[in-house]
Amino acid sequence: MCGITGFLRLNHSRINPDHISVLKDMMKAMSHRGPDGEGIWHDDFVVLGHKRLSIVDLSLTGAQPMVSACERYVIIYNGEIYNHRELRSRVSATFKGSSDTETLLEHIAQYGLPETLPKLNGMFAFALWDRHQKILSLARDSVGIKPLYYAVCGTSFLFGSELKTLTAHPEFNRDIDEDALSAYFNLLHIPHPRTIYKSARKLPQSTYLEFGSSGTFNIIPYAPLTQNYSYIVDMPEARRVEEFQNILAHSVSRQLQADVPVAGFLSGGNDSSLISALMAKHGGYRTFSVGYEDPKFDESVRAGVIAKHLGLPHDTLMIAPEDVAPHLDHLAGMYDEPYADSSAIPTYLLSQHVGKFTKVALSGDGADELFAGYPRYIQAVQEWKRLRYLPMVLRPALSSLISDKPSSSTVSFFKNFLSNPGQSLPYLKNLLKEPSLVSYFHHHHYVGLDKVYCHDVQFLKRFDQDLSIYSRSARSDLRDILTYNQNMRLPDDMLTKVDRASMAASIEVRVPFLDQEIVAFSKALPVSHMTIEGSGVTKKIIKDALRSYLPDSIVDSPKTGFHIPMKIWLRTHFKTWAQNILSGSSDPFLNMNHVQHVWKMYESGTRDDLFYPIWGVLMYRQWQHHR
């Protein structure tokens, strides 16, 4: 795992020592991504920089920037190509080393970039310079595991693994994108392709960008080449589980390849337990988890029991408020733009701890989004099915009849449609107007920070229109929600959290569930093998697979999720910290009177649900401080 950055001079002015100095500043901003080495390469009007975290081929033959044997292409690359040995066997070049970077580069040199990208199974973001045609290409993996940003500013086209590399360039425009900020105050992250800055964009997953000598660029989608798993639909469930186990075992085996030790993140949940069980088959791997004094959040005992059952050495990092306090003021700086998932804290602290032992860890991330792991998915589907019995023409009228404090008769009526009408009715006024399940699901989980935002923008209306692409028909089902989450929330929220938190600690986290073949398998899997309607069971196929390794009593026990007791700590241990931030100077984008009103309700202890709006404001204010 590494960090990449660079820029192209749009006026074709020659790279000079001042430009090299700027590049060094850009590289320094992401030194945490590659503490093991660095390299710089430049041509007449392009300059490329690389920070290296050595994991595969630790020798100088794996150093970057790397020039192809034919000397036409130069690459800087961040990630891991897990099938690079298979790809290498198809390339006729003479290799100098054993790195996947060299395999990727020589495959492109022989077959071209459009032919190469669909064949890559891994997580990656890279920049490729074609010295003959003077074309700069940027590419990102098909799931969006590894980040890549770009911007056109002044006389330069900039790119980098993190936004902070772009902001280190003197020509970067720091004007805030008000639409992106509006999205943040409803989602607690900023969806691609936007960033918090008007001038910068995220390259979407499964695309590559070509910047030609004409000064314009195109973004081109590509689709990964995978096996067709349609045959699993007609399989008996037991046979389907066996097929899934084999594919996942192959993914884990590939992702264990490294020239440094590999560890496992074992939270105690079924996803990480299944990955750990498959690691145990290879022997010699160590697992890590976090724990808390509060038993409502602590699953370290469960994780320890699982590790012992699997025969894996295990280490638990106990986290107390005093462990978190030194990092609160730096958390927003890790993400370069407003981002408010508090589970980033244990992810970072665990990564720091694992970094004392190794540079690589496998995690169970991605399984929830592929195999319907969140109960809210099922709840939304069930409620949508009930609401379909209300004709669309009647819904606006019903919406207008619902007050903010509904009567008992209103609550009683909507028990026919909502699983928890007392809690859900405040949302229902807007939800009744939604045209599709995906839009319904999306709005049902708005954080509701729109009232603190002072600007009237149209972003959310446009975003709502975009949601329609994830609804296949009026008869929407769970598959539509999964597609939406895999394309939007997974890369922009979950994978962003893991990448920044782990790389801030110079740790590479690999995600076997997001192997291309597992993703393709999940798309063919019948929904009935993910959930059991009416039972609340989620990720059924993962539970079925895990029964081969762990007793039913562990597999079927409830899991709290990778949470931190921040809802409690914020109004106790970190109360003064929060109050100081919220009582600071005024902000042109915030209604601070409303913010104080929300804080007082949360602080009283009666509205735990207001933690998310408050945490969102705190992270935004901290980001403003860091920028």
Side-chain angles (χ1 to χ4, degrees), residues 1 30-33 35 53 162 188-189 261-269 271-272 275-276 286-304 306-307 312-336 339-365 493-511 559-570 572-574 577-578 611-612 615 618-619 622-623 626:
M1 196 60 57
M30 60 168 189
S31 58
H32 51 279
R33 297 190 75 94
L53 183 66
E162 297 185 13
L188 298 185
H189 66 270
V262 179
F265 284 178
L266 176 55
S267 68
D271 305 337
S272 61
I275 298 300
S276 298
R286 187 172 186 170
T287 54
F288 295 82
S289 67
V290 297
Y292 308 98
E293 187 175 314
D294 189 334
K296 290 184 293 185
F297 294 88
D298 180 48
E299 292 192 310
S300 60
V301 174
R302 173 188 167 108
I306 292 169
L312 292 168
H314 185 69
D315 191 2
T316 299
L317 173 68
M318 298 301 293
I319 298 177
E322 54 267 27
D323 302 312
V324 173
H327 305 287
L328 283 177
D329 290 333
H330 306 294
L331 186 64
M334 292 181 193
Y335 290 87
D336 302 333
Y339 178 81
D341 187 338
S342 61
S343 65
I345 297 171
T347 304
Y348 171 65
L349 293 176
L350 182 61
S351 297
Q352 263 199 332
H353 182 65
V354 173
K356 299 173 183 177
F357 303 91
T358 185
K359 300 177 182 180
V360 183
L362 270 57
S363 84
D365 290 309
D493 186 358
M494 178 62 69
L495 294 175
T496 295
K497 175 190 72 178
V498 175
D499 176 81
R500 300 309 184 281
S502 60
M503 290 307 296
S506 302
I507 288 292
E508 173 180 297
V509 174
R510 299 177 176 181
V511 280
K559 170 78 167 66
T560 65
F562 197 60
H563 299 304
I564 186 171
M566 192 56 73
K567 286 183 182 179
I568 300 169
W569 292 353
L570 190 59
T572 54
H573 298 84
F574 304 127
W577 172 81
F611 166 78
Y612 300 101
W615 190 252
L618 288 170
M619 289 298 100
Q622 285 297 85
W623 170 79
H626 278 278

Trainee: To the nearest 0.5 Å, how far apart are CZ in Arg33 and CD1 in Ile507?
Mentor: 12.5 Å

Trainee: I'd like to check the salt bridge (charged side-chain N to carboxylate O under 4.0 Å, His left out) partners of Asp365; sequence neighbours left out, ordered by chain and number.
Mentor: none

Trainee: Once rounded to the nearest 0.5 Å, what's the spacing between atom CG of Leu53 and atom CE of Met503?
Mentor: 5.5 Å

Trainee: Kindly give the heavy-atom pair with the smallest separation between Thr287 and Ser276, and that separation in Å.
Mentor: CG2-OG, 3.8 Å

Trainee: Would a distance-only check, ignoring hydrogens and angles, find a side-chain to backbone donor-acceptor pair under 3.5 Å from Tyr339 to Asp493?
Mentor: yes

Trainee: Hey, what's the ring geometry for Trp569 with Tyr292, parallel, tilted or perpendicular (30° and 60° as the breaks)?
Mentor: perpendicular

Trainee: What distance do Ser300 atom OG and Glu293 atom CD have between them, rounded to the nearest 0.5 Å?
Mentor: 11.5 Å

Trainee: Have Ser506 and His32 got a donor and an acceptor in their side chains that come within less than 3.5 Å?
Mentor: no

Trainee: Which heavy atom of Ser342 sits nearest to which heavy atom of Ile564, and what is that distance?
Mentor: O-CG2, 3.7 Å

Trainee: Taking side-chain contact (heavy atoms from CB on, under 4.5 Å) as the definition, give me every residue that meets it alongside Pro261, ordered by chain and number, with sequence neighbours left out.
Mentor: Thr358

Trainee: Starting at OG of Ser289, measure out to CD of Glu299 and round the result to the nearest 0.5 Å.
Mentor: 9.5 Å

Trainee: Evaluate Phe288 against Leu317 for side-chain contact (heavy atoms from CB on, under 4.5 Å), listing each step before the verdict.
Mentor: CA-CA 8 Å; Phe288 295 82; Leu317 173 68; over 6 Å; no

Trainee: In a table with atom names and distances, give each donor-acceptor pair under 3.5 Å that connects a side chain of residues 318-330 to protein atoms at least two apart or in another chain.
Mentor:
unit_1 : atom_1 : unit_2 : atom_2 : d
Asp323 : OD2    : Ala320 : N      : 2.7
Asp329 : OD1    : Trp577 : NE1    : 2.8
Asp329 : OD1    : Gln622 : NE2    : 3.0

Trainee: Contact between Tyr348 and Lys497 at the side-chain level, heavy atoms closer than 4.5 Å - yes or no?
Mentor: no

Trainee: Do you know the tightest heavy-atom contact between Ala501 and Thr347?
Mentor: CB-CG2, 3.7 Å

Trainee: Roughly how far apart are Tyr612 OH and Met566 CE, rounded to 0.5 Å?
Mentor: 12.0 Å

Trainee: Of all the heavy-atom pairs spanning Leu331 and Ala344, show the shortest one and how long it is.
Mentor: CD1-CB, 4.3 Å

Trainee: State, with a plain yes or no, whether a side-chain heavy atom of Ile275 is found less than 4.5 Å away from one of Asp271.
Mentor: no

Trainee: Going by side-chain contact (heavy atoms from CB on, under 4.5 Å), name the residues that satisfy it together with Ala340, two or more places apart in sequence or in a different chain.
Mentor: Tyr184, Leu188, Trp615, Met619

Trainee: Partners of Asp336 by side-chain contact (heavy atoms from CB on, under 4.5 Å), sequence neighbours excluded?
Mentor: Glu162, Leu163, Lys164

Trainee: Residues two or more places apart in sequence or in another chain: which of them pass salt bridge (charged side-chain N to carboxylate O under 4.0 Å, His left out) with Arg286?
Mentor: Asp315

Trainee: Using 0.5 Å steps for rounding, measure from the CD1 atom of Ile568 to the CG atom of Asp294.
Mentor: 5.0 Å

Trainee: Should Val290 and Leu349 be marked as a side-chain contact (heavy atoms from CB on, under 4.5 Å) after you check the CA-CA gap, both sets of side-chain angles, and the distance that decides it?
Mentor: CA-CA 9 Å; Val290 297; Leu349 293 176; 5.9 Å; no

